[in-house]
Amino acid sequence: MSGTSVNEAVRTLGEEDAKKIKRLLERGVKIPPQPRVMQELFKLLQQKEFDIRVLSRVINQDPGITAMLFKVVGSAAYKQHQPFETVEQILHAVGVRQTANLVQAVALAGMGDIKKNPRVYEAFWARSQAVAQIAMLIADDRIAVCNIFPDQAYLAGIFHDCGVLLLLQRFTAYCAEMHLGEPGRWVDLADEDRKFSADHCVVGYIVARHWHLPDFICDAIRYHHDIRELGMHASRTMVAILQLAIEIYYREQRIRNTEWDRVKDEVLPELGLGEDSLPEFVDVIIERFQATQH
């Protein structure tokens with residue numbers, strides 16, 4: 001499977017966003033290529049029938065990704081399947097598609113330079129993984145309403161802020177200026193644009209396109225802070241799931257989400273929820289999420 005070039009991905013953007021990405025590329029922001037293991041894995045998954053032994057051999061080609069995969073499935077979220085001794089066992093127990101999503105997520109995690117900001121980097125991944133798991137639980141509960149599969153929601157959750165990771169690596173002042181080291185603080189889009197002429201949503205969209213994520217997930221990453229831009233777009237539901245997952249993540253952390261009041265009137269109807277039914281729904285999702293953490 002040939003990689004989508006960054007230039008091809010940029011051409012799918014509007015004029016302003018394309019200019020922004022071109023400026024960032026000129027300033028040394030590097031869009032990482034999809035790892036070869038991912039390309040081979042997804043080529044095999046496109047076949048009608050696939051051999052788990054062959055898939056396992058492909059994943060095992062990359063020792064770094066394999067080691068991180070074992071670390072992820074060693075977490076409490078997968079405790080009902082443990083212990084794992086081989087990649088083949090993981091594929092059987094977790095499922096081929098979800099394992100592929102996990103491989104993609106850990107490949108993304110491997111991009112960062114953890115030595116520069118270890119605390120911030122670890123906090124970034126803890127947040128991304130929590131949002132992804134909560135998004136997966138929301139999609140699972142709302143599948144009859146939303147028609148979004150849990151593994152798709154997980155992938156969108158892992159990748160939704162990957163643009164932050166690239167900007168964090170490129171600009172030494174980004175971490176401090178965006179207050180990423182402060183508990184409960186996250187990137188403010190207007191502040192990011194003013195200080196770095198950057199937009200992590202657009203950068204994330206380019207990475208997602210370059211890594212062959214489904215188009216509607218790419219669009220959800222692009223607009224995950226701007227659901228109103230999507231109208232009746234296919235990715236609107238995915239953005240609603242992401243926004244509610246972020247809100248539930250903040251509630252579980254007992255942190256106020258300043259964005260929620262602005263988006264909730266768009267998010268809740270999209271998911272077949274109302275203000276009155278929300279508290280009970282949130283309690284159920286938090287309970288299920290916490291059950292996977294212990």
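Being a predicted model, the structure only gives us computed values, none of them experimental.
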Output all residues satisfying side chain to side chain contact (heavy atoms under 4.5 Å, CB included) with [X], sequence neighbours left out; order by chain, then residue number.
X      : result
Leu189 : Glu192, Asp199, His200, Cys201, His225
Lys22  : Val10
Ser56  : Asn60, Val87, Glu88, Leu91
Pro35  : Met38, Ile65, Ala107, Trp211

For [range], pull every pair meeting salt bridge (Lys or Arg N to Asp or Glu O under 4.0 Å), keeping only residues two or more places apart or in separate chains.
range            : answer
residues 93-109  : none
residues 267-286 : Arg236-Glu270, Lys264-Glu275
residues 28-38   : Arg36-Glu40
residues 140-149 : Asp141-Arg288

Any side-chain heavy atom of [X] sitting closer than 4.5 Å to one from [Y]?
X      : Y      : result
Tyr205 : Phe159 : no
Met238 : Ile221 : no
Leu278 : Leu244 : yes
Ile21  : Leu25  : yes
Lys195 : Tyr174 : no
Ile246 : His160 : yes
Leu55  : Leu45  : yes
Ile217 : Ser235 : no

Nearest non-hydrogen partners of [X] and [Y], listed with the distance:
X      : Y      : answer
Ala245 : Ile134 : CA-CG2, 3.7 Å
Thr12  : Ala9   : OG1-O, 2.5 Å
Ile158 : Ala105 : CG2-CB, 3.5 Å
Ala153 : Ala139 : CB-CB, 3.7 Å
Ala135 : Ile241 : O-CG2, 3.7 Å
Pro32  : Val207 : CD-CG2, 4.4 Å

* Quick one: ring pair (Phe, Tyr, Trp, His ring centres under 6.0 Å) partners of Tyr154, sequence neighbours excluded? ->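 Tyr154 satisfies ring pair (Phe, Tyr, Trp, His ring centres under 6.0 Å) with no other residue.
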* **With Phe171 via ring pair (Phe, Tyr, Trp, His ring centres under 6.0 Å) - residues at least two apart** => Phe196
When you group the ILVMFWY residues by side-chain heavy-atom contacts below 4.5 Å and let the links chain together, are [Y] and [X] in the same group?
X      : Y      : value
Val202 : Leu166 : yes
Phe149 : Met136 : no
Phe289 : Leu271 : yes
Phe281 : Val263 : yes
Val120 : Ile255 : yes

Say you draw a straight line from [atom1] of [X] to [atom2] of [Y]; how long is it, rounded to the nearest 0.5 Å?
X      : Y      : atom1 : atom2 : answer
Cys146 : Ile138 : SG    : CD1   : 9.0 Å
Cys218 : His212 : SG    : NE2   : 10.0 Å
Glu177 : Leu167 : CD    : CG    : 13.0 Å
Leu168 : Phe124 : CG    : CZ    : 8.0 Å
Leu69  : Lys71  : CG    : NZ    : 12.5 Å
Gln129 : Leu102 : CD    : CG    : 9.0 Å

* **side-chain hydrogen bond (donor to acceptor under 3.5 Å, both in side chains) involving Gln243 - partner list, sequence neighbours excluded** =>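 Partners of Gln243 by the side-chain hydrogen bond (donor to acceptor under 3.5 Å, both in side chains) criterion, ordered by chain and then number, come out as Glu259.
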* To do: Would you sort out whether His210 and Gln34 count as a side chain to side chain contact (heavy atoms under 4.5 Å, CB included), showing the intermediate values?
  => CA-CA 7 Å; His210 198 41; Gln34 188 184 47; 6.0 Å; no
* Kindly determine whether Asn147 and Thr237 satisfy side chain to side chain contact (heavy atoms under 4.5 Å, CB included), including the steps that lead there. => CA-CA 9 Å; Asn147 200 29; Thr237 307; over 6 Å; no
* To do: Please determine if Lys20 and Glu16 form a salt bridge, counting it only when a charged side-chain N lies under 4.0 Å from a carboxylate O.
  =>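 The answer is no: the pair does not qualify as a salt bridge.
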* Check the pair Val239, Val267 against side chain to side chain contact (heavy atoms under 4.5 Å, CB included), reporting the backbone distance first and the verdict last. => CA-CA 8 Å; Val239 172; Val267 167; over 6 Å; no
* To do: Could you verify whether a donor N or O on one side chain and an acceptor N or O on the other, from Asp191 and His179, lie under 3.5 Å apart?
  =>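 Note: Asp191 and His179 side chains miss the donor-acceptor criterion.
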* To do: Taking atom types as modelled, find out whether Gln98 and Asp151 have a side-chain donor-acceptor pair closer than 3.5 angstrom.
  => no
* Asked: Stepwise, does the side chain to side chain contact (heavy atoms under 4.5 Å, CB included) test hold for Leu180 with Val164?
  -> CA-CA 10 Å; Leu180 294 182; Val164 170; 4.0 Å; yes
* When you measure from the side chain of Thr99 to the backbone N and O of Gly95, does any donor-acceptor pair fall under 3.5 Å? ->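 The answer is yes, because a donor-acceptor pair under 3.5 Å joins these two groups.
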* To do: Return each pair, listed once, that meets ring-ring contact (aromatic ring centres under 6.0 Å, His included) where at least one residue sits in residues 240-275; pairs must be two or more places apart or across chains.
  =>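 Of all non-adjacent pairs touching residues 240-275, none passes ring-ring contact (aromatic ring centres under 6.0 Å, His included).
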* Partner of Asn257 under side chain to side chain donor-acceptor pair (under 3.5 Å), chosen from Arg262, Glu247, Arg251 -> Glu247
* Do other residues, nucleotides or ligands put more than 12 heavy atoms under 6.0 Å from the CD atom of Gln47? -> yes
